[in-house]
Asker: 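Handing you a structure now.
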Amino acid sequence: MEENVPAGRCVVAVDGPSGSGKSTVSRRLAAGLGARYLDTGAMYRALTWAVLRSGVELTDTESVAKVAAEADLRIGTDPQGYAVTVDGTDVSTAIRGAEVTAAVSAVAAVAAVRELLVDRQRRVIADAGRIVVEGRDIGSVVAPDAELKVYLTASEAARAKRRSAEDAADVAATAADLARRDRLDSTRKVNPLQQAPDAVVLDTTELGIDEVVARLREMLTERGAA
């Protein structure tokens, strides 16, 4: 743990759309703070994997909710590396595939699924005490009392370029998929993707990962949390 980092509670909520840098920034910040890290998106992806495996229709919200409730979802919180399992199967790689990516917004829009996972996420946060949590509704719903709430964003072009590089995919196709997910996530009725009223907005278009992490550390220092 780094010097001058207090041992008490420190919850950092990092929200924003895909490709804004949330995951890399959050993991690196957590490691620097000697804190835990929670990827809430991975939790929704894991339940989406379970739903797809079950064969139920994505439009059958009752069946989707039932699969989600019965799945044994486990996720690590080590920022240096963690595994995601469903019913004992490691799905860490599978949940990043195209099939899950195409379906995750539909599963995440089911109210019962969100209620289930928000409760799980809050318990993880309470148990950890010091944690960086990334997602789409962390500052507004999951951890509204976080010491720092930040909303990372970037231009559509920058986000598409980053994500296509990660997935080795076509930039234009990636841009179209990101636009689709943004539309679905920001317009869903339950806990939509949105900036918390008191969140700090940080545009990462022209910033490197280290620069973003440094700015977040500065914000935490200003708040007496790091």
Asker: Please identify each residue that fulfils side chain to side chain donor-acceptor pair (under 3.5 Å) with S92, with sequence neighbours left out.
Answerer: D90
Asker: Rounded to the nearest 0.5 Å, how far does CG of L38 lie from CE of M43?
Answerer: 6.0 Å
Asker: Output yes when a side-chain donor or acceptor of E147 lies under 3.5 Å from a complementary backbone atom of V11, and no otherwise.
Answerer: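 Side chain of E147 to backbone of V11: a pair is present.
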Asker: If you look at every heavy atom in R136 and G16, which pair is closest and at what distance?
Answerer: CG-O, 4.0 Å
Asker: List in chain and number order the residues that pass side chain to side chain donor-acceptor pair (under 3.5 Å) with T85, two or more places apart in sequence or in another chain; answer none if no residue qualifies.
Answerer: none
Asker: For R28 and D210, run salt bridge (Lys or Arg N to Asp or Glu O under 4.0 Å): C-alpha distance rounded to whole Å, both residues' side-chain angles, the deciding distance at 0.1 Å, then the answer.
Answerer: CA-CA 9 Å; R28 196 168 296 182; D210 289 341; 2.6 Å; yes
Asker: Applying side chain to side chain donor-acceptor pair (under 3.5 Å), name anything that partners S155, two or more places apart in sequence or on another chain.
Answerer: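 For S155 there are no side chain to side chain donor-acceptor pair (under 3.5 Å) partners, ignoring immediate neighbours.
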Asker: I'd like to know whether D39 forms a salt bridge (Lys or Arg N to Asp or Glu O under 4.0 Å) with R96, so could you lay out the CA-CA distance, the side-chain angles of the two residues, the decisive distance to 0.1 Å, and finally the verdict.
Answerer: CA-CA 13 Å; D39 180 353; R96 303 299 174 183; 2.9 Å; yes
Asker: Under 3.5 Å, is there a donor-acceptor pair between the side chain of D15 and the main chain of Y151?
Answerer: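 Judged by distance alone, no pair lies under 3.5 Å.
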Asker: Any sub-3.5 Å donor-acceptor pair from T204's side-chain atoms to A154's backbone N or O?
Answerer: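 Checking the backbone N and O of A154 against the side chain of T204, no donor-acceptor pair under 3.5 Å is found.
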Asker: Can a salt bridge be assigned to the pair R114 and D137 using a cut-off of 4.0 Å between side-chain N and carboxylate O?
Answerer: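 Yes, this pair counts.
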Asker: Hey, is the main chain of V86 close enough, under 3.5 Å, to the side chain of D72 for a donor-acceptor pair?
Answerer: no
Asker: In Å, rounded to the nearest 0.5 Å, how long is the span from CG of L148 to CD of E222?
Answerer: 9.5 Å
Asker: So, does T24 use its side chain to make a donor-acceptor pair with the main chain of G21 at under 3.5 Å?
Answerer: no
Asker: Verify, without hydrogens or angle tests, whether R120 (side chain) and L116 (backbone) share a donor-acceptor contact under 3.5 angstrom.
Answerer: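 No, R120 side chain to L116 backbone: no donor-acceptor pair under 3.5 Å.
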Asker: Using the test side chain to side chain donor-acceptor pair (under 3.5 Å), find all partners of E70 that sit at least two apart in sequence or belong to another chain.
Answerer: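 Scan of E70 (side chain to side chain donor-acceptor pair (under 3.5 Å), adjacent residues dropped) gives K66.
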Asker: Quick check on E99: does its CD atom have over 12 non-hydrogen neighbours (other residues, nucleotides or ligands) under 6.0 Å away?
Answerer: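 No, the 6.0 Å shell around CD holds no more than 12 heavy atoms from other groups.
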Asker: Just checking, is any N or O donor in the side chain of R53 or T89 under 3.5 Å from an acceptor N or O on the other one?
Answerer: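 Absent: no donor and acceptor within the cut-off.
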Asker: Would the distance check show the side chain of T221 and the main-chain N or O of R217 forming a donor-acceptor pair, the cut-off being under 3.5 Å?
Answerer: yes
Asker: Main chain of V84, side chain of R74: is a donor-acceptor contact present, judged purely on distance under 3.5 Å?
Answerer: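 A pair under 3.5 Å: no.
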Asker: As an exercise, state the distance from CD1 of I95 to OG1 of T101, rounded to the nearest 0.5 Å.
Answerer: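 These two atoms lie 9.0 Å from each other.
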Asker: Can a donor-acceptor pair be found between the side chains of E57 and S63 at a distance below 3.5 Å?
Answerer: no
Asker: Keeping to residues at least two apart or across chains, list the ring pair (Phe, Tyr, Trp, His ring centres under 6.0 Å) pairs with something in residues 52-75.
Answerer: none
Asker: Starting at OG1 of T77, measure out to CD1 of I125 and round the result to the nearest 0.5 Å.
Answerer: 11.5 Å
Asker: Applying the side chain to side chain donor-acceptor pair (under 3.5 Å) criterion to D119, which one of R123, R122, Q121 satisfies it?
Answerer: R123
Asker: Is it true that D78 and R36 make a salt bridge, defined as a side-chain N closer than 4.0 Å to a carboxylate O?
Answerer: no
Asker: What pairs with Y37 under ring pair (Phe, Tyr, Trp, His ring centres under 6.0 Å), at least two apart in sequence or on another chain?
Answerer: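 Testing Y37 for ring pair (Phe, Tyr, Trp, His ring centres under 6.0 Å), a comparison that skips the adjacent residues, returns Y82.
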Asker: Over all heavy atoms of both residues, which pair between A35 and I131 is shortest? Give the atoms and the distance, please.
Answerer: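 Result for this residue pair: CB-N, 3.9 Å.
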Asker: Do the side chain of K22 and the main chain of P17 share a donor and acceptor less than 3.5 angstrom apart?
Answerer: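 Here the side-chain-to-backbone pair exists.
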